[in-house]
Amino acid sequence: MHRLASLLSGRGSRLFLLACALVFPLLAKSEYQVYVMASAFIWAIAVYGLNIITGYCGQLNLAHGGFFAIGAYALAILTADHGWNFWPAFVAAALVAAAVGALVGLVSLRLKEHFFAIFTLCVGFIIYLLIDKWEELTHGAVGIRGIAAPDGLGLVDFSQTVPFYYLALAFLVLAIWFAGRLAASLLGRTFMAIRNGDALAQSLGIDLMRNKLLAFVLSTTYAGVAGALYASMIRFVGPEEANPNHTFDMITYLLVGGFGTLFGPLAGTVGIVWITQSLQFLEDYRMIIFGPLIVVLVIFMPRGVVGTFLGWKLRKDTEAARAKGPRAGAKVAPAKEANTNA
Amino acid sequence: MLKVENLTKMFGGLAAVHDVSVEFEARGINAIIGPNGAGKSTFFNLISGVHKPTSGRILIDGQDVSRMRCDQVARLGVGRTFQTTHLFEQATVLDNLIVGHRLRTRSGLWDVLVNSRRLQREERECRDKARAALDFVGLAHLENRVVLDISQEERKRVAFALALATEPKLVLLDEPAAGVNPEETEGLARLIRKMAEHGLTVCLIEHKMDMIMGLADKIMVLNYGEKIAEGTPAEIKADPTVIEAYLGSDHDAAA
Ligand SMILES: Nc1ncnc2c1ncn2[C@@H]1O[C@H](COP(=O)(O)OP(=O)(O)OP(=O)(O)O)[C@@H](O)[C@H]1O
Ligand SMILES: [Mg+2]
């Protein structure tokens, strides 16, 4: 069992996951399944962003869906209304989400804990209202059509589902790669020290505002990138994109997968998207199954699927090291990273 | 080393610290005692920048820190522990300590993106510093243990190590021996003495009188936010105002 666990959190299993993702379109029963998976990947990218500010840095951001919508609308407006090419518009969308994130962060991060959460909840609603009502810019309830698909530079046609799937996968891999590097670095440790407690972090000389702001801007940038990809996949955006419910969906993904873990966002998002899909035939009644399932999960695995697994593995590793005698302890060095970096 | 001038902190109408002036010498062990609610923790919070003083000044090696933020004061060389230890329980001891040296490093987002040499070097430094601090407090053998699995006294030592990893010149210890047994208390006292011997200035708050009396070079007594006495352990023991404050507040200090 322990050996299996080591296998699961090792490098090999990451490559295996990647291989699975690469062959998925070949094995999928329909194009629709590929489409669902691509959208799951996009949501996962946004959840990786949420994981930076909420999972690593401990600040519950309830405006995350709003920044996703900002990215989507920025791309839509620039390509459909202003005729920009896709890639410049895509970069601009990420920058807009980052800039709005910086502004919102500067104000909201002065608040602590639930005050911050409530404030950002309001920000999420304001973003929704702005998108719904500011018709000159967003076309209001009509939404925006004619959004550019990612430009394949004449080599690939990303308006096709399968090529788009691989593009989304590439961005997801990039998102995970950076999250992993961040979590293992001194900067990630700084964020985690803040999650552990403002007072202690500050007494260690950590500038709270500066680090929280950096984590917040990183998270909104992730959300903006995901939103822009989403808009270029659906090729249509409407105010529904900014519905605060999306934020709660993403929090659920993160909760189930595991806050502050590297593979929690992926496991939670892809897992729940597929469970939701397979319960589609129940329509709105699927919440009858889904609700209790999540309640049970949160009660028995408060740290999420991945978090629970890693916690268990860390204990096993240290026990194994102790059983081998005190000197062997030094050998477990890579395992201590498991908690944050697997 | 630490000089406090007419320090006052009001919480609404309550003077938690009232017009306290005191001076602590470098490399000494200084104790702050007083009944519950006397303002001892508030005094520490003022020095470390958690609270801004209502009036008065705090000088560390001649530099006025009374308007500085907590993290700026820490960078100047003030390390501290809290009355309640809050470590990250799900992580290993070493993982808890590595961030302690972060304030002496400069790597930022860009270093993370390109995995710069500087970042690699600084991460190594933080790790070494964490190990050295853990070794100093006598827990080198616990580095890979999960905090959840170690004892209360070991956690106190880890909290010390975390403060030491910041490379302080002044350490503030808030009730370091609360909740540990007498034998372990002696061990902690030896550790505190070792810190002073290595050139640190120590300030500690403690209710355990026998520990204080054997350890401190200088004691300051607070009562209702005011300094009522200051001196060597022998002077404090014989001071009638101190005896009265303690007996009057029905405290176990008479022991
Ligand atoms: N942040 C705060 N806001 C309002 N009042 C406070 C605050 N912090 C402390 N006080 C009050 O200031 C007084 C001094 O508190 P402080 O914590 O400094 O006492 P203490 O000497 O450390 O006591 P103990 O021995 O119980 O730890 C108390 O009356 C307390 O209620
Ligand atoms: Mg106190």
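Letters go in sequence order (proteins before strands), and every chain restarts at 1. Everything numeric in this text was worked out from a predicted model, so none of it was measured.
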Can you tell me if A:Asn61 and A:Thr54 form a side-chain donor-acceptor pair at under 3.5 Å?
no

When only pairs under 4.5 Å are counted, which of B:Arg75, B:Arg104, B:Arg102 shares the most heavy-atom pairs with chain A?
B:Arg102

Examine whether an atom of A:Ala199 lies under 4.5 Å from a heavy atom of chain B, and if so say whether it belongs to the side chain, the backbone or both; otherwise answer neither.
both

Given the options B:Thr105, B:Val50, B:Leu119, B:Asn115, which has more heavy-atom pairs under 4.5 Å with chain A than any of the others?
B:Asn115

What part of A:Leu186 gets within 4.5 angstrom of chain B, counting heavy atoms only: side chain, backbone, both, or neither?
both

Heavy-atom pair count under 4.5 Å with chain B, highest-scoring of A:Leu187, A:Leu182, A:Leu204
A:Leu204

Below 6.0 angstrom between ring centroids: does that apply to A:Phe171 and A:Phe90?
yes

Selection from A:Ser203, A:Ala193, A:Gly188 maximising heavy-atom pairs under 4.5 Å formed with chain B:
A:Ser203

So, B:Glu175 and B:Lys40, do they make that salt bridge, N to O below 4.0 Å?
no

State, without any angle test, whether A:Arg303 and A:Thr308 hold a side-chain donor-acceptor pair at a distance under 3.5 Å.
no

Could you tell me which portion of B:Gln120 (side chain, backbone, both or neither) has an atom closer than 4.5 angstrom to a non-hydrogen atom of chain A?
neither

Assess whether a salt bridge exists between B:Lys3 and B:Asp61, defined as any Lys/Arg side-chain N lying under 4.0 Å from an Asp/Glu carboxylate O.
no

Salt bridge present between A:Arg189 and B:Asp95 (N-O < 4.0 angstrom)
yes

For B:Trp110, does the CH2 atom sit with more than 12 other heavy atoms under 6.0 Å from it, leaving out its own atoms?
no

From the list B:Leu148, B:Leu76, B:Leu103, the residue making the most non-hydrogen contacts under 4.5 Å with chain A is B:Leu103

Pick from B:Leu172, B:Thr166, B:Leu162 with the largest number of heavy-atom pairs that fall under 4.5 Å of chain A
B:Leu162

